[in-house]
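Letters go in sequence order (proteins before strands), and every chain restarts at 1. Treat the numbers as computed from the prediction; the structure is a model and nothing was measured.
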There are 2 protein chains.
Amino acid sequence: MGMGRPREFDAEVALDQAMEVFWRHGYEGATIAQLTEAMGINPPSLYACFGNKEGLLKAALDRYSKLRGAWMDVVVAAPTARDVAERMLIGIAEKQTDPANPPGCLLVQGGIACGTGSENVPFELAARRAQNEDQLRDRFVRAKADGDLKPTSDPAALARYVSAVSVGMGVMASSGSDREALRQVATVAVQAVEAQSADRT
Amino acid sequence: MGMGRPREFDAEVALDQAMEVFWRHGYEGATIAQLTEAMGINPPSLYACFGNKEGLLKAALDRYSKLRGAWMDVVVAAPTARDVAERMLIGIAEKQTDPANPPGCLLVQGGIACGTGSENVPFELAARRAQNEDQLRDRFVRAKADGDLKPTSDPAALARYVSAVSVGMGVMASSGSDREALRQVATVAVQAVEAQSADRT
DNA sequence: CCACATCTGTAGTGAACACTACATTTCTGG
DNA sequence: CCAGAAATGTAGTGTTCACTACAGATGTGG
């Protein structure tokens, strides 16, 4: 028995295009017509490959998380908690205003509020954001153990804080803030982490 | 000539209901059917009174800004820049987790990304957020003139920063963070403003 | 080269959407 | 009390949406 006709498009390339549409218009704002056009395929191919619109979003998120995860590894490799925060926030200022991508962050632009029938899309995005926050928290726990952060500091709260600033910067970027404005926010934000850092002696 | 049949519903009460629907589902996620049901009226009454869906959103935003504007006046009345930031961010932590309202902030939940045909909704929301930022900036300019903020500080950057943290907290609230988590973020965030404050002598 | 499995393009499907035509009701000014 | 003005409820309008039936195309295993 044969194995059927082979797929004529590259799923990863198509996913990159879909990712961009979701990024720019959000889950609900993106239509199947826009997605299929951007992906260069017809609806039946999309549904055969990804199940439905939400399946396509999840696949796009997986791809996004994969790319972003590699970068997060670089971020948490910074030598101190302060440097982790700086590398992350300054990096976000630049990534979120990179003209190669839509402005902002897919994990925010994808959809913060959704209509009936898509209620779990915001949850899905929140879960992905939480992964980054967990990674930061683990790094800050280690920083505290190393004596890099003050004994009174709360690594989980710090991670939440950096994550919150990231999200806020993403929204600003998507509504037109330029790179310099975001860098200023990042620079100020880092000072709160600095305030939690042990004095250098 | 007569003045016509009087309206049978209270426009402000109806707006409050509409505001809640937009807040919970976003502009695109909210349907006319949900809105009219929440408002207790039929579509023709809605269109006669507010023009169209976007007109209703703007009216709801006006009402939201009015309520929120009064609170912002209280915020900027705090004695120091640091206290302004604290009053604002701690207040936001509580407001955005107030069970009387949907979680988060209407100016964010309303819609960060929208589909074709509603592109200016995100701009509209951004413009309203910018008003708050401007109010903060003016307050920080004064704080710098008063010697409350360091001569090297940048009031506009500080205002952008506080605004960004507010937005980030809103997104966190809408995705399930509880009041205590938000308070922790606020507490950390205030320390960056503190770092820009002149030493007390 | 044939049976079968899978993909592809065309052309729709029913449902949900924002919005409205229209007849009716309820008011005011004269 | 009557004429005109404006709001209301019913019942739609056309459009767009996510999704799919189907027939033909293109591959593999025997």
Side-chain angles (χ1 to χ4, degrees), chain A residues 1-15 17-19 21-22 24-61 110-111 113-121 124, chain B residues 1-15 17-19 21-22 24-61 110-111 113-121 124:
Chain A
M1 324 132 192
M3 287 166 57
R5 179 174 175 177
R7 184 178 292 140
E8 289 186 1
F9 63 96
D10 181 332
E12 291 212 328
V13 171
L15 260 187
Q17 305 304 319
M19 195 170 79
V21 174
F22 282 132
R24 202 174 293 281
H25 298 291
Y27 176 74
E28 292 196 303
T31 69
I32 297 291
Q34 287 174 321
L35 289 164
T36 52
E37 187 186 350
M39 298 166 85
I41 61 177
N42 290 308
S45 298
L46 189 159
Y47 284 91
C49 191
F50 302 105
N52 56 20
K53 190 182 177 185
E54 197 167 331
L56 176 60
L57 174 71
K58 286 183 184 172
L61 291 177
C114 276
T116 310
S118 309
E119 294 93 346
N120 55 329
V121 167
E124 185 73 29
Chain B
M1 325 138 191
M3 286 168 57
R5 178 174 175 176
R7 185 177 292 142
E8 288 186 0
F9 64 94
D10 181 332
E12 292 213 326
V13 172
L15 261 187
Q17 305 305 319
M19 195 170 77
V21 175
F22 282 131
R24 202 174 293 280
H25 298 291
Y27 175 74
E28 291 195 303
T31 69
I32 297 292
Q34 287 174 322
L35 290 163
T36 52
E37 187 187 349
M39 299 166 85
I41 61 177
N42 290 309
S45 298
L46 189 158
Y47 285 90
C49 191
F50 302 105
N52 56 19
K53 190 181 176 185
E54 197 167 332
L56 176 60
L57 174 71
K58 286 184 183 170
L61 290 177
C114 275
T116 310
S118 310
E119 294 94 345
N120 55 330
V121 166
E124 185 73 28

Can you see which heavy atom on B/Gly26 is nearest to which on A/Ala113, and at what distance? N-CB, 3.7 Å
Interatomic distance, [X] [atom1] vs [N] [atom2] [rounded to whole Å]:
X	N	atom1	atom2	value
B/Ile41	D/dT10	CD1	P	14 Å
A/Met3	C/dT6	CE	P	9 Å
B/Phe9	D/dG9	CZ	C1'	13 Å
A/Arg7	C/dG9	CZ	P	13 Å
B/Asn42	C/dT25	CG	P	16 Å
A/Phe50	D/dT20	CZ	P	16 Å
B/Glu8	D/dA5	CD	P	20 Å
B/Glu37	D/dG9	CD	C1'	16 Å

For the residue pair A/Thr116 and B/Gln34, confirm or rule out a side-chain donor-acceptor distance under 3.5 Å.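 Checked: A/Thr116/B/Gln34 side chains pair up, N/O donor to acceptor below 3.5 Å.
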Could you tell me whether a side-chain N or O of B/Lys53 sits under 3.5 Å from a main-chain N or O of B/Tyr27, the two making a donor and an acceptor? yes
Please tabulate, one pair per line, all N/O donor-acceptor pairs under 3.5 Å involving side-chain atoms of residues 35-44 of chain B, not counting sequence neighbours.
unit_1: B/Thr36; atom_1: OG1; unit_2: B/Ile32; atom_2: O; d: 2.9
unit_1: B/Thr36; atom_1: OG1; unit_2: B/Ala33; atom_2: O; d: 3.1

From D/dT10, D/dT28, D/dA7, pick the nucleotide closest to the side chain of B/Pro44?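 Given the options D/dT10, D/dT28, D/dA7, the side chain of B/Pro44 is closest to D/dT10.
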Can B/Glu8 and B/Arg5 be said to form a side-chain contact (heavy atoms from CB on, under 4.5 Å), step by step? CA-CA 9 Å; B/Glu8 288 186 0; B/Arg5 178 174 175 176; 2.7 Å; yes
Any side-chain heavy atom of B/His25 within less than 4.5 Å of one from B/Thr31?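 Side-chain contact under 4.5 Å: no.
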Would you tabulate the nitrogen or oxygen pairs shorter than 3.5 Å linking the protein to nucleotides 16-18 of chain C?
unit_1: C/dA18; atom_1: OP1; unit_2: B/Ala30; atom_2: O; d: 3.2
unit_1: C/dA18; atom_1: OP1; unit_2: B/Lys53; atom_2: NZ; d: 2.9
unit_1: C/dA18; atom_1: OP2; unit_2: B/Ile32; atom_2: N; d: 2.8

Less than 3.5 Å between a donor and an acceptor, one on the side chain of A/Arg5 and one on the base of C/dT8, is that the case here?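 Absent.
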May I ask you to verify if any side-chain N or O of B/Ser45 is less than 4.0 angstrom from the OP1 or OP2 atom of D/dA7? no
For B/Pro6, which contact category applies under a 4.0 Å heavy-atom criterion: base, sugar-phosphate, or nothing?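 Sugar-phosphate contact only.
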Start with the C-alpha gap between B/Glu119 and B/Cys114, add the side-chain angles, then the distance that decides, and say whether side-chain contact (heavy atoms from CB on, under 4.5 Å) holds. CA-CA 6 Å; B/Glu119 294 94 345; B/Cys114 275; over 6 Å; no
